Amino acid sequence: MSKITAAITAVNGYVPDYVLTNHELETMVDTNDEWITTRTGIKERRILKGEGLATSDMAVPAVEGLLKKRGITAEEIDLIIFCTTTPDMPFPATANVLAHKIGAKNAWGYDLQAACSGFIFGLTTGAQFIETGKHKKVLVVGGDKMSSIINYEDRATCIIFGDGCGCALLEPNTEGYGILDTVMKSDGAGAQLLFQKAGGSMHPATHATVDAKEHFAYQEGQAVFKFAVTNMADVAAEVLERNKLTGDDIAWLVPHQANKRIIDATANRIGLTPEKVIVNIERYGNTTNGTIPLCLWEWESKFKKGDNLILAAFGGGFTWGSIYLKWAY
Ligand code: UT7
């Protein structure tokens with residue numbers, strides 16, 4: 001019997017309507033369009049506005065669009081892995097909330113937390129259920145309402161992050177398409193360089209934690225940059241080497257969108273010319289778990305069956321990794 005691989009058979013995405021431009025940020029914090037553009041590549045990001053709207057509210061239209069494209073019903077989904085750093089609530093899992101909202105009555109699900117690497121950790125995890133033959137349809141969702149944990153008085157973080165959500169369906173393939181190799185890594189030594197201090201069991205919410213603004217994301221930008229720029233490039237290079245590939249064999253690099261300079265460094269390291277590198281950071285900023293599925297969604301029409309894709313991410317934790325996959329449609 002031929003080996004079963006997990007192939008992406010549909011992708012979709014959703015970004016909220018509200019556009020927060022660099023110029024609007026100039027009116028909120030001491031920054032300017034020129035600094036943000038040259039240091040990060042970001043021009044604008046989307047923000048989910050509306051009382052009570054949460055990450056799952058972006059996932060619903062993304063997933064419903066995916067189901068329509070693939071021509072299947074929510075009841076056919078076996079498993080939902082919801083990769084997010086901004087769940088609707090600390091518990092229950094946003095995967096459960098989403099399953100209920102879309103009517104995925106036969107699915108079980110759970111949330112996966114790996115900061116900006118969440119979506120590639122989710123694909124890697126979901127692929128196991130397909131490869132073993134346990135499941136036929138695994139939905140991997142990556143999305144964040146980063147605006148819910150951003151301090152719009154902190155120019156070190158508020159210029160970077162945005163809201164958005166994407167998703168991919170994994171199904172079995174026996175013709176050699178789909179996820180062919182993954183390298184995933186983590187190092188807890190970076191935990192205090194990019195984190196949300198309060199709201200967990202170490203520092204539960206109190207008036208003091210709120211007053212100290214400890215429920216917002218905090219980042220030591222330069223230190224994170226140094227780790228990201230080397231590790232994301234290293235892990236992408238490792239995946240290529242392991243599979244005896246060079247830049248010429250790769251059709252597309254799908255990088256996490258944290259900083260255009262990190263993306264460029266990764267592309268250079270594996271010998272890719274700019275036209276093979278997917279970049280939408282200028283329009284969405286860093287949507288954390290949303291970046292890679294939003295890229296897949298926006299570039300889907302350009303992909304050809306058999307294209308070699310390299311996915312790469314780096315995130316808080318630290319977490320990082322890379323996936324080699326052959327596009328299946
Ligand atoms: O997604 C998961 C992982 N996250 C990342 O990969 C993010 C990694 N880090 C970064 O992308 C970058 O470190 C940032 C974009 C966050 C910051 O860029 P940087 O080039 O590392 O800037 P910096 O923090 O070294 O600051 C340089 C200067 C400082 O001024 P002085 O000390 O040189 O006078 C900052 O005070 O820029 C100043 N600065 C700003 N100026 C205008 C910092 N933030 C801003 C700002 N607008 N928003």
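Note that this is a predicted model, so its numbers are computed, not measured. Whatever order the structure lists them in is the order used to number ligands and atoms, beginning at 1.
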Nearest to [atom], what protein heavy atom do you find, and at what distance?
atom	answer
atom 47 (N) of ligand 1	Thr31 OG1, 2.6 Å
atom 27 (C) of ligand 1	Arg39 NH1, 3.6 Å
atom 16 (C) of ligand 1	Ile160 CD1, 3.6 Å
atom 4 (N) of ligand 1	Gln219 OE1, 3.1 Å
atom 9 (N) of ligand 1	Gly221 O, 3.1 Å
atom 3 (C) of ligand 1	Val224 CG1, 3.6 Å

Counting only heavy atoms not in Lys69, do more than 12 sit closer than 6.0 Å to its NZ atom?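 Buried by this count: over 12 neighbours within 6.0 Å.
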
CE (Met89) with more than 12 external heavy atoms under 6.0 Å: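 Yes, enclosed.
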
Using a 4.0 Å cut-off to any heavy atom of [X], which atoms of ligand 1 qualify?
X	value
His256	1 (O), 2 (C)
Cys116	1 (O), 2 (C)
Ala258	1 (O), 5 (C), 6 (O)

Asn286, portion touching ligand 1 at heavy-atom distance under 4.0 Å: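 Contact part for Asn286 vs ligand 1: side chain (C-beta onward).
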
Strictly below 4.0 Å, N to O, side chains only: are [X] and [Y] in salt-bridge contact?
X	Y	value
Arg242	Asp181	yes
Asp249	Lys244	no
Arg283	Glu298	yes
Lys101	Asp57	yes
Asp163	Arg45	no
Glu131	Lys3	no

Evaluate ring pair (Phe, Tyr, Trp, His ring centres under 6.0 Å) for Trp320 paired with Phe121, printing each intermediate quantity in order. CA-CA 9 Å; Trp320 67 105; Phe121 277 37; 9.1 Å; no

Within the structure, does at least one protein heavy atom fall under 4.0 Å of [atom]?
atom	answer
atom 43 (C) of ligand 1	yes
atom 19 (P) of ligand 1	yes
atom 31 (P) of ligand 1	no

Relative to each other, are the rings of His135 and Trp108 parallel, tilted or perpendicular (30° and 60° limits)?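 Tilted.
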
Determine, considering heavy atoms only, which of [options] sits nearest to [atom].
atom	options	answer
atom 25 (O) of ligand 1	Gln222, Arg155, Glu34	Gln222
atom 39 (N) of ligand 1	Phe161, Trp35, Trp320	Trp35
atom 6 (O) of ligand 1	Ile262, Val229, Leu25, Asn259	Ile262

Under 3.5 Å, N or O to N or O, is Asn32 touching ligand 1 that way?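 Min N/O separation from ligand 1 is not below 3.5 Å for Asn32.
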
Short N/O distance, under 3.5 Å, between Thr40 and ligand 1?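 By distance alone, the answer is no.
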
Does Phe129 have Lys134 sitting over its ring (NZ/CZ under 6.0 Å from centre, angle to axis within 45°)?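 No, cation not above the ring by the 6.0 Å, 45° rule.
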
